[in-house]
Protein chains: 2
Amino acid sequence: MDQTNREIVSILLRDGRASFAEIGDAVGLSATAVKRRVDRMQARGEISGFTVRVAPEELGWGIEAYVEIFCRGNISPAALERDFGPIPEVVRVDTVTGEADALVQIMAGSMSDVERIVESFRVNARVDKTRTAIVMSRVIDRPARLD
Amino acid sequence: MDQTNREIVSILLRDGRASFAEIGDAVGLSATAVKRRVDRMQARGEISGFTVRVAPEELGWGIEAYVEIFCRGNISPAALERDFGPIPEVVRVDTVTGEADALVQIMAGSMSDVERIVESFRVNARVDKTRTAIVMSRVIDRPARLD
DNA sequence: ATTGAAACTGGATTAGC
DNA sequence: GCTAATCCAGTTTCAAT
């Protein structure tokens, strides 16, 4: 990944629908060249896709929560993916250092949804304990910057 | 926000560069009507923008971390925004229920960057204590779904 | 107030270099 | 990587509902 690709990605982070011509002007390439670079980055998996950024509450995701997962014994990333992947409200799962084994982020419609989802984590035999932090206010939420 | 807009957003969540014509086919509207609906959602702030989804390690963000922030006394969202907003590695800040007052998510180039950034949190007079969890593996990371 | 059709503009894409 | 040619999407206008 060279500097030019970094600049292209930097622009796309700020505006995922920027035209190839615009990007080309900014980085000093033709639109064609930019398109090929973006296509190649997508083919290599450096770019995994494009998406829209939405105000969660407008879409019925009234509640967000972080759930720390404490397991009995070890848990593999593959097992986590199998267990949490099918739950649509789960938007993110990381294995982490520290007390907890994993951190799960959920976006739900209501507090009772959170309750139900977290409860469903517990039926999983490997999950020993959970600790939930409800998001009160989203202060900053932005794509990482390159510059 | 009506059902049609939900469907449009649902498509854009999966492909943020989908053409208005494609979306129109899927929801039973003309490209024109779709464009206007997207424009209006953007004007109302329901859609805050479009972005690319990238593989962080490809971009020099080798390390991600969650930092729990414990404050002396109260801390307002506005103060958090002022203190953390200028740090480019900070991608997310939420005030949360539970032990910690806020949860900060950072994307950094290296462990020493994490150390430096977390250390910089501490110089802030209001921050009493921090607890850092380093991400070992990103198991799931996806936009929330509407279905 | 919102839509669809048509016309126009300009970007996306392909072919050739 | 660029240019040129083609195609198609984005955008605006306008009439209709």
Side-chain angles (χ1 to χ4, degrees), chain A residues 1-62 107 109 141-147, chain B residues 1-61 109 141-147:
Chain A
M1 170 93 83
D2 65 5
Q3 184 52 32
T4 304
N5 277 358
R6 283 222 174 69
E7 285 173 39
I8 292 170
V9 168
S10 171
I11 292 165
L12 287 173
L13 282 167
R14 275 172 288 166
D15 177 9
R17 283 182 87 104
S19 76
F20 295 136
E22 275 179 77
I23 300 169
D25 284 347
V27 302
L29 284 177
S30 69
T32 315
V34 172
K35 175 193 173 357
R36 273 196 298 244
R37 279 171 172 270
V38 171
D39 285 348
R40 248 178 288 133
M41 285 192 275
Q42 252 182 304
R44 283 195 298 258
E46 294 162 5
I47 286 177
S48 62
F50 294 87
T51 192
V52 64
R53 297 178 62 81
V54 288
E57 54 291 351
E58 297 293 338
L59 290 164
W61 299 315
M107 295 184 70
D141 184 9
R142 61 189 180 197
R145 287 185 300 147
L146 281 175
D147 23 25
Chain B
M1 169 93 84
D2 65 6
Q3 184 53 30
T4 303
N5 277 358
R6 282 221 173 69
E7 286 172 39
I8 292 171
V9 169
S10 172
I11 292 165
L12 287 173
L13 281 168
R14 275 172 288 168
D15 177 9
R17 283 182 86 104
S19 76
F20 295 137
E22 278 178 75
I23 300 169
D25 284 348
V27 304
L29 281 178
S30 69
T32 315
V34 173
K35 175 195 171 0
R36 273 190 300 239
R37 279 170 173 269
V38 171
D39 286 348
R40 250 177 285 137
M41 284 190 277
Q42 256 183 301
R44 283 195 295 256
E46 294 161 5
I47 287 176
S48 63
F50 294 87
T51 192
V52 63
R53 298 178 63 80
V54 288
E57 56 290 352
E58 298 292 339
L59 290 165
W61 299 315
D141 184 9
R142 61 188 179 197
R145 289 187 298 146
L146 282 173
D147 18 23

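In the text below, chain A, chain B and the rest are named by the order of the sequence lines, each starting its count at 1.
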Rounding to an integer number of Å, can you tell me how far [X] [atom1] sits from [N] [atom2]?
X       : N      : atom1 : atom2 : answer
B/Asp39 : C/dA1  : CG    : P     : 17 Å
B/Gln3  : C/dT2  : CD    : C1'   : 18 Å
A/Phe50 : C/dA12 : CZ    : C1'   : 13 Å
B/Met1  : C/dT2  : CE    : C1'   : 17 Å
A/Phe20 : D/dC7  : CZ    : P     : 20 Å
A/Leu29 : D/dG1  : CG    : P     : 6 Å
A/Asp15 : D/dG10 : CG    : P     : 13 Å
A/Gln42 : C/dA12 : CD    : P     : 13 Å

[Y] side chain reached by [X] side chain, heavy atoms, under 4.5 Å:
X        : Y        : answer
B/Lys35  : B/Val38  : no
B/Asp141 : B/Arg53  : yes
B/Leu13  : B/Arg145 : no
B/Asn5   : B/Ile8   : yes
B/Arg37  : B/Asp2   : yes

Taking only side-chain N and O atoms of [X], does any of them lie within less than 4.0 angstrom of OP1 or OP2 on [N]?
X       : N      : result
A/Arg36 : C/dA15 : no
B/Thr32 : C/dT3  : no
A/Lys35 : C/dA12 : no
B/Arg37 : C/dT3  : yes

_If you assign B/Ala18 and A/Ser30 each to the DNA chain D nucleotide with the nearest heavy atom, which residue ends up on the more 5' nucleotide?_
A/Ser30

*Got a donor-acceptor pair under 3.5 Å from the side chain of A/Arg17 to the base of C/dG11?*
no

*C/dG11, D/dT11, D/dG1: which one has an atom nearest the side-chain heavy atoms of A/Ala33?*
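Given the options C/dG11, D/dT11, D/dG1, the side chain of A/Ala33 is closest to D/dG1.
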
